[in-house]
> 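Submitted below is the structure of interest, expressed as structure tokens.
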Amino acid sequence: MDLFLHNSMTRRRELFVPLDPAHVRIYVCGPTVYDLAHLGNARPVVVFDTLVRLLRRLFPRVTYVRNITDVDDKIIARAAETDEPIASLTARTAHDFHEDMAALGALAPDIEPRATLHIAEMIALIERLIAKGNAYVAKGPEGEHVLFSVASFPAYGRLSGRSREDMIAGARVEIAPYKRDPADFVLWKPSGPDQPGWESPWGRGRPGWHIECSAMSWRHLGSDFDIHGGGSDLLFPHHENEIAQSRCAFPGSHFVRVWLHNGMLRVNGEKMAKSLGNFFTVRDVLAAAPGEAVRFLLLKTHYRSELDFSFAALAEARKELDRFYRALARNPDRPERPIPAPVMAALADDLNTPAAIASLHALADQALAGDAEAAAGLAAAGPVLGLLGADPEAWFQGGVQADAPAIEAAIAERRAARAARDFARADKIRADLAAQGILLEDGPAGTTWRRAS
RNA sequence: GGUCCGGUGGCAGAGUGGUCAUGCAGCGGACUGCAAAUCCGCGUACGUCGGUUCGAUUCCGGCCCGGACCUCCA
């Protein structure tokens with residue numbers, strides 16, 4: 001099946017043709033580990049996890065690299081604020097990140113490089129850039145900086161669609177006096193005694209943010225690879241700078257074949273961001289609903305669109321999943337079936353998860369009517385979306401405080417009351433359980449219970 | 001100010017040059033002791049003004065509105 005992806009570089013939907021059909025290589029910008037992930041940070045993780053799941057269905061081998069940035073000025077600032085050693089802060093935050101992403105059903109990437117373990121590659125890259133005339137050393141007050149010379153790369157601005165004039169005109173940054181050109185950006189900067197630093201040809205210092213991703217993608221995927229993903233807010237300057245660095249360091253290479261960018265998560269119409277203070281951490285959200293519901297919510301909107309988060313929308317996502325799990329529960333004996341064609345077709349069309357989910361609803365309709373084939377299709381489609389992997393009973397009964405034997409006892413008592421036509425008593429029992437968040441359903445096969453939604 | 005993206009029914013959210021998105025909510029009915037779940041049925045839509053066309057929500061242009069980026073940011 002042909003896969004089409006919307007390439008940010010060309011702004012068009014394109015047929016995806018891997019450089020090596022036997023091995024697809026993808027890089028996604030990972031977190032800077034200084035604080036708990038918020039839901040906006042989770043969106044690219046879930047989106048690209050889904051893409052990788054799809055790629056694995058379509059190609060024999062996929063290598064998925066997602067980095068961890070563990071050297072950064074925000075990390076330094078946070079560590080100083082809280083008086084926690086940097087190594088402890090980054091290790092703890094990375095651990096929490098892994099836990100949160102696992103809760104959202106995101107598989108671990110094949111390779112998760114850490115910036116601090118790739119300093120040598122960064123230095124090597126910077127040396128190449130200096131040797132080729134794309135970077136220069138500049139003396140600042142604290143020591144030697146290495147800057148990338150934007151003027152040396154004529155294609156600069158192609159990804160973001162900006163001219164150099166635009167960038168300079170709109171620049172809100174104070175321009176460091178040692179820059180030759182206002183658009184030049186830092187590859188290496190000096191570190192003070194209180195800052196993390198590594199020995200380099202330019203003295204003790206640390207890398208700029210952009211060079212990290214160029215170095216890690218080069219090390220693990222080579223100078224040319226298929227897909228690079230990240231949030232749309234990274235398009236400029238981060239990804240533009242990566243292109244400049246990588247292509248200049250390896251003349252003749254194209255660096256990335258397809259650029260993919262997910263839309264921003266919003267709250268009340270504004271981008272969710274730490275700097276705006278309008279964020280919910282993944283943990284905040286997981287307290288309100290299972291991780292699968294959170295994942296489903298993120299997949300209900302196409303990855304390139306903006307998504308306005310609300311707890312009401314999360315509750316709705318959970319109810320939709322209820323329906324799917326009910327359809328599975330009604331058909332416990334299901335044959336093995338491939339992923340239904342409409343689901344694959346939707347996903348292969350620029351990862352149209354909302355359309356895929358609409359197909360799931362159609363399958364659920366049939367499955368609820370007793371069609372085991374449809375239920376089998378539904379179950380088969382789950383894994384490619386990272387959904388429906390739970391046992392239906394666990395889905396419906398998870399998170400309830402009361403213990404099962406007590407609930408069963410109450411149900412038995414109610415059954416006796418109903419048999420005696422003592423409906424007042426029966427309804428009282430049902431109401432008491434409802435007060436504990438437990439919902440009863442009387443069916444032909446008896447009474448079952450589930451958590452209230 | 002510059003670059004880019006978008007405005008679809010109560011809400012969420014796909015898509016298309018000419019019969020259906022889909023879900024949630026709502027309404028009516030069936031089922032139920034009553035519910036829940038399920039089933040059947042119903043309604044409301046394509047920001048605005050022009051243009052192209054036999055026909056536009058879909059293509060083109062103007063306008064209005066919203067958002068992202070231009071600084072760290074997923």
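Keep in mind it's a predicted model, so treat the numbers as computed, not measured.
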> Would you mind telling me which of B:U38, B:A68, B:A14 lies closest to the side-chain atoms of A:Ser232?
B:A68

> Under a 3.5 Å cut-off for both contacts, is B:U52 paired Watson-Crick or G-U wobble with anything, and if yes, with which nucleotide?
none

> Taking pairing as Watson-Crick or G-U wobble with both contacts under 3.5 Å, can you name the mate of B:G41, or confirm there isn't one?
B:C27

> Just compare B:A74, B:C34, B:C72 and give me whichever is closest to any side-chain atom of A:Met272.
B:A74

> Mark yes or no: A:Arg430 above the aromatic ring of A:Trp449, with NZ or CZ under 6.0 Å from the six-membered ring centre and no more than 45 degrees from the axis.
no

> Counting only Watson-Crick pairs (N1-N3 plus N6-O4 or O6-N4) and G-U wobbles (N1-O2, O6-N3), all under 3.5 Å, who is the partner of B:U19?
none

> Can we say A:Asp35 and A:Lys74 salt-bridge, meaning some charged N sits less than 4.0 Å from an Asp/Glu carboxylate O?
no

> Using a cut-off of 4.0 Å on non-hydrogen atoms, how would the nucleic acid contact of A:His38 be classed: base, sugar-phosphate, or nothing?
base

> Should B:A35 form a Watson-Crick or G-U wobble pair with both distances under 3.5 Å, which nucleotide is its partner?
none

> Given that both distances must come in under 3.5 Å, which nucleotide forms a Watson-Crick or G-U wobble pair with B:A68?
B:U3

> Within 45° of the axis and under 6.0 Å from the centre of the six-membered ring of A:Phe48, does NZ or CZ of A:Arg66 qualify?
no

> Let's see if you can work this out: which of B:A36, B:C39, B:G33 has an atom nearest to the side-chain heavy atoms of A:Arg421?
B:G33

> Check this for me: does any side-chain nitrogen of one of A:Asp422 and A:Arg414 sit under 4.0 Å from a carboxylate oxygen of the other?
no

